[in-house]
Amino acid sequence: MFARTQDAGPSQPQEVKPVSAVTTTPKSKEERKPTLTAARAQPVDPIDFDVDALLFRPAAVDISRWPGGRLPYSVLVGVYVQVAGTRSRLAIVRVLTNFIHLLLARAPLDIPPALYLLSNHLRPAYIPCELGIGSMIINRVIKEVSGLQARDLKRLWSVHGDPGDVAYEAKVQMRTLVEPVPLVVHDVYKRVLKLADIRGSQSGKLKSDAVRKLMVQARGEEVRFLVRTLIGNLRIGAVRLTLLTALARAAALLEIPDSELDVLPIPAKGKKPMDPAREAAEEKCVAAVRLVRRVHVRHPNYGDLVRGLEAGLDGLEERVPLSVGIPISPMLGSITRSIDEVYARLGSLPFTAETKLDGQRLQMHVRRDGPQGEDDGGGRWVEGENGRAWVRLFSRHLEDMTDKYPDICARGLDLLSSVKGERKPFPSWASAPSVEVAALLEAESISSLIVDAEIVAIDKDSGAHRTFQELTNRARKDVRVEDIKVVVEVNAFDLMLVNDVPLLSSPFSLRRHLMRELLPPRPTPADPLLARWTHIEAIDSTDLKSPADLRAFFDKVVERKAEGLMVKLLESGRAPAAAEAEAEAEAEVEAEAEVIDVDVDDDEKDDGGKSRKKPLPATYEPDQRSMGWLKVKKDYLEGLGDSLDLVPVGAWWGNGRKAGWWSPILLAARNPESGALEAVCKCMSGFTDAFYKDLLARYPPDSDPTVCSTQPLGYVETGGLVPERWFLPREVWEIRGADITLSPVYPAAASYIGGERGLSLRFPRFIRIREDKGVEDATSAEEFAEMFRRQMAPAGGVAAAENGAEGGEEEADEVGDDVL
DNA sequence: TGTGGCTGCCC
DNA sequence: ATTCTGC
DNA sequence: GCAGAATGGGCAGCCACA
């Protein structure tokens with residue numbers, strides 16, 4: 001069987017058997033297994049990679065038929081098929097590991113293109129690359145290539161809900177007259193990349209032509225995955241981390257001589273035999289995974305990673321280092337639903353609560369001498385009285401935003417010319433800095449830095465914070481400072497590197513102190529269009545008497561229109577055991593934050609009497625949604641977000657996993673004056689699978705046109721949106737959102753707020769059915785408009801006045817000192 | 001020249 | 001962004 | 001708890017087309 005799983009039976013050292021063409025039409029769980037079909041169309045057969053990784057021998061694979069020794073696309077596609085055909089993480093990793101192992105050993109040239117194609121990305125995130133191809137172009141090409149009518153395509157679409165599946169189905173039915181030249185991976189990669197370069201008038205046609213040629217050359221399953229690659233949604237159940245895991249394991253296995261890999265096959269059932277060789281190999285793999293992940297989040301570039309691996313795993317981190325100019329995967333916060341939960345998680349460990357502003361995440365790199373290591377052409381030099389500096393800006397998803405914020409780049413230079421003055425010593429309660437880190441506090445000058453921050457739109461004159469929506473009005477490309485319409489403020493909150501010294505492994509207490517001392521808030525620049533530089537407002541747990549004080553701080557920042565808080569651990573420690581959490585939250589300061597080095601001691605066997613559980617690092621953990629950062633947003637908290645009672649009035653067919661179900665669903669509010677139901681938003685989040693099944697039964701697509709129809713059922717205003725099916729308005733659902741937005745498409749409540757635009761919801765999600773409500777009890781347009789007005793009311797209290805009155809130094813000082 | 005649709009990216 | 005699901 | 005999938009509102013940028 002092609003897709004057998006390893007645990008299913010004993011395996012012998014292989015002879016890797018080629019398999020013939022495979023097909024998948026993933027539907028139900030049972031049907032997901034790939035099946036064999038007669039080989040014929042495939043010039044080079046896919047390879048069965050689902051074998052014990054320790055028994056896989058790259059040397060045994062026959063690659064004699066690979067054209068010019070290059071990896072055939074059919075082999076890569078065979079991997080997609082095998083991976084997509086199972087849900088078992090272990091099986092997925094196994095397949096990918098063996099595949100990469102083979103490439104490392106036999107086809108190193110093809111590793112970068114194969115990895116990029118597997119990863120669903122064509123380049124590192126920070127290198128600009130937009131294909132400009134979406135479902136529209138794909139549809140057009142499918143139509144041309146298959147000769148199918150729009151109607152048939154639409155039907156295929158609603159059945160499969162995936163452009164790749166549609167293309168596959170459409171093309172299988174074709175008979176090609178001339179056998180096309182088989183695709184090879186490096187060529188496919190190159191041609192797909194080239195699509196990004198096609199621009200200007202006629203580009204649509206040229207792109208279509210290029211895509212059509214690829215599609216004509218693709219056979220069978222190749223079509224499905226080629227299209228998914230073009231759309232940028234591979235859907236094989238393995239994208240980022242799994243691939244990295246496999247790469248690491250493959251690199252580890254490559255370093256183990258075959259003679260040490262004479263391991264016992266895993267038996268079908270029962271206990272695994274004691275097998276020292278197997279355990280040793282597994283240990284090496286696990287260590288490799290840790291290392292490769294660590295390196296990748298500090299230097300997210302597959303090309304560099306693979307080059308670094310050419311010399312082996314040893315010393316990889318030095319060869320592929322964290323560098324100024326290469327973004328670090330940002331650290332993330334985990335969702336926290338109450339103030340109590342904060343204390344339950346952190347207990348008496350020292351933390352700080354930062355205002356979570358509603359803007360855009362920024363990772364700012366500045367270096368006097370230009371980028372560290374190879375220059376990939378990104379970033380820019382800024383010049384001024386203080387000489388020059390090289391600056392590069394990245395977004396939360398590591399896209400390069402240097403060109404969007406020349407006003408921030410200009411401030412990069414100022415940051416390097418920090419005034420040498422008195423610097424406060426590290427706080428006494430913080431853990432001791434290393435000699436190197438301690439020295440930074442005495443630095444005469446700053447030559448490089450990496451800072452984490454939030455960009456917020458501000459009022460040019462008053463400096464008051466503006467909404468996220470206003471920030472999005474900013475131009476994005478080739479912005480010149482003179483043209484800036486949306487002035488911004490940079491709110492720094494972390495320092496990951498300074499003077500070429502990485503600080504990720506220092507606790508936040510130290511990183512923050514260095515940030516505050518070396519990069520203090522600056523006065524408003526002479527040019528009012530330039531970005532302001534300040535620190536995010538925060539309050540430390542040591543200044544709080546009780547959870548109530550934290551709650552008060554939360555209420556205050558929400559009053560000032562912030563999203564909520566980011567609570568961050570200042571010193572590493574151990575999470576309180578669940579049982580103790582409450583007691584601890586109450587008894588509090590009984591313990592002066594015990595500091596434990598998590599790196600040295602991360603086993604917790606001995607939680608004997610004093611029960612602390614998991615290690616809780618206060619280090620900067622790239623790419624982790626760590627417990628060290630807790631995100632407390634107002635819309636997570638019961639009763640604080642905007643909650644509407646809306647009527648489902650229509651729906652579209654779901655895609656992929658949700659094919660065959662209604663998703664998303666169109667929701668409307670009631671306008672008692674006109675009698676219309678006015679569309680508010682689509683919703684697809686918050687529904688369980690069981691709910692979807694139920695919903696399909698309540699609104700069956702083609703059996704009862706009085707409840708589910710191709711025609712509107714009732715008076716519904718949708719602003720031009722046309723769902724696949726209209727529902728009879730009869731249910732009321734509670735829908736929660738983070739904010740109310742002024743919408744260019746939705747008509748809801750437009751008549752109550754001036755007519756032109758209606759209202760919608762940011763981050764809409766389903767909470768529950770309001771069984772107790774009928775359509776006539778749904779939220780009315782007037783109520784909706786009133787909620788919007790309340791939201792738009794000026795930020796309350798003293799804060800607003802402060803913010804409005806002063807623009808510069810004083811405010812900055814105050815914020816910098818944490819005074820509230 | 002202006003407008004509308006598509007795409008990619010912020011949240 | 002949010003949320004659910006399978007491992 | 002991790003990893004992945006499906007998809008929200010809304011913006012600027014870009015192209016097609018009138």
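Reminder, nothing fancy here: chain letters follow the sequence lines and each chain counts from 1.
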Going by the side chain to side chain donor-acceptor pair (under 3.5 Å) test, which pairs reach into residues 192-201 of chain A, not counting sequence neighbours?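 Qualifying pairs, neighbours excluded: none.
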Sequence neighbours excluded, which residues qualify as ring-ring contact (aromatic ring centres under 6.0 Å, His included) partners of F763(A)? none
As a quick check of understanding, evaluate side chain to side chain donor-acceptor pair (under 3.5 Å) for T355(A) and R560(A), giving each step before the final call. CA-CA 10 Å; T355(A) 307; R560(A) 294 191 197 174; over 6 Å; no
With a 4.0 Å cut-off, would you call D623(A) and R294(A) a salt bridge? no
Run the salt-bridge test on R361(A) and E454(A) with the 4.0 Å N-O cut-off and return the result as yes or no. no
Just checking [X]: base, sugar-phosphate only, or nothing, at a heavy-atom cut-off of under 4.0 Å?
X	result
K404(A)	nothing
I137(A)	sugar-phosphate
D739(A)	nothing
G359(A)	sugar-phosphate

Measure the distance from [atom1] on [X] to [atom2] on [N] and round it to the nearest whole Å.
X	N	atom1	atom2	value
D162(A)	dT7(D)	CG	P	10 Å
D197(A)	dC15(D)	CG	P	13 Å
R765(A)	dC4(C)	CZ	C1'	14 Å
N233(A)	dT7(D)	CG	P	9 Å
R736(A)	dT2(C)	CZ	C1'	12 Å

Contact boundaries on DNA chain B for chain A, cut-off under 4.0 Å to non-hydrogen atoms: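 The contact span of chain A on DNA chain B goes from dC6(B) to dC11(B).
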When the [atom1] atoms of [N] and [M] are considered, how many whole Å apart are they?
N	M	atom1	value
dC11(B)	dA6(D)	P	22 Å
dG4(B)	dT5(C)	P	41 Å
dG8(B)	dA1(C)	C1'	15 Å

Quick check: on DNA chain D, is the nucleotide nearest I198(A) upstream (toward 5') of the one nearest G237(A), or the reverse? Name the residue that is more 5'.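 Counting from the 5' end, the first nearest nucleotide belongs to G237(A).
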Set out, in order, the CA-CA distance, both residues' side-chain angles and the distance that settles side chain to side chain contact (heavy atoms under 4.5 Å, CB included) for D162(A) and R228(A), then state yes or no. CA-CA 8 Å; D162(A) 176 292; R228(A) 288 189 184 174; 3.2 Å; yes
Give, ordered by number, those residues of residues 684-691 of chain A having at least one heavy-atom distance below 4.0 Å to an atom of DNA chain B; if nothing qualifies, reply none.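 Those residues whose heavy atoms fall under 4.0 Å from DNA chain B, taken from residues 684-691 of chain A, amount to none.
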With the threshold set at under 4.0 Å for non-hydrogen atoms, list the residues of residues 126-136 of chain A touching DNA chain B in residue-number order.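 E130(A), G132(A), I133(A), G134(A), S135(A), M136(A) - these, ordered by number, are the residues of the stretch whose heavy atoms sit under 4.0 Å from the strand.
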Listed by chain and number, what are the side chain to side chain donor-acceptor pair (under 3.5 Å) partners of [X], not counting sequence neighbours?
X	value
R249(A)	E282(A)
D642(A)	none
T472(A)	none

Give the table of side-chain donor-acceptor pairs shorter than 3.5 Å for residues 755-762 of chain A, with sequence neighbours excluded, one pair per line with atom names and distance.
residue, atom, partner, partner atom, Å
S760(A), OG, V680(A), O, 2.7
R762(A), NE, D739(A), OD2, 3.4
R762(A), NH2, D358(A), OD1, 3.1
R762(A), NH2, D358(A), OD2, 2.3
R762(A), NH2, D739(A), OD2, 3.2

Does the side chain to side chain donor-acceptor pair (under 3.5 Å) test come out yes or no for S208(A) and R140(A), once each step is laid out? CA-CA 8 Å; S208(A) 299; R140(A) 189 160 87 209; 2.8 Å; yes
Taking the ring centre of each residue, are [X] and [Y] less than 6.0 Å apart?
X	Y	result
W733(A)	F691(A)	yes
W652(A)	W662(A)	no
Y302(A)	H121(A)	no

Set of residues satisfying salt bridge (charged side-chain N to carboxylate O under 4.0 Å, His left out) with respect to R768(A), sequence neighbours excluded: E734(A)
If a protein heavy atom is under 4.0 Å from the base, mark B; if only from the sugar-phosphate, S; if neither, -; do that for nucleotides 9-14 of chain D going 5' to 3'. SSBBSS
More than 12 heavy atoms from other groups under 6.0 Å of CD on E482(A):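 More than 12 heavy atoms, drawn from other residues, nucleotides or ligands, come within 6.0 Å of this atom.
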Taking only the side-chain nitrogens and oxygens of R87(A), find out if one of them lies under 4.0 Å from OP1 or OP2 of dC7(C).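 Checking R87(A) against dC7(C): no side-chain N or O falls below 4.0 Å of OP1 or OP2.
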Quick one: is dA3(D) close enough that its OP1 or OP2 comes under 4.0 Å of any side-chain N or O from R235(A)?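 Indeed not, no polar side-chain atom of R235(A) lies that close.
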Let me confirm one number: the CD-CG distance from Q82(A) to L96(A), rounded to the nearest 0.5 Å. 9.5 Å
Mind running a 4.0 Å heavy-atom check of residues 649-668 of chain A against DNA chain D and sending the residues that fall below it, in number order? G654(A), N655(A), G656(A), R657(A), K658(A), S663(A), P664(A)
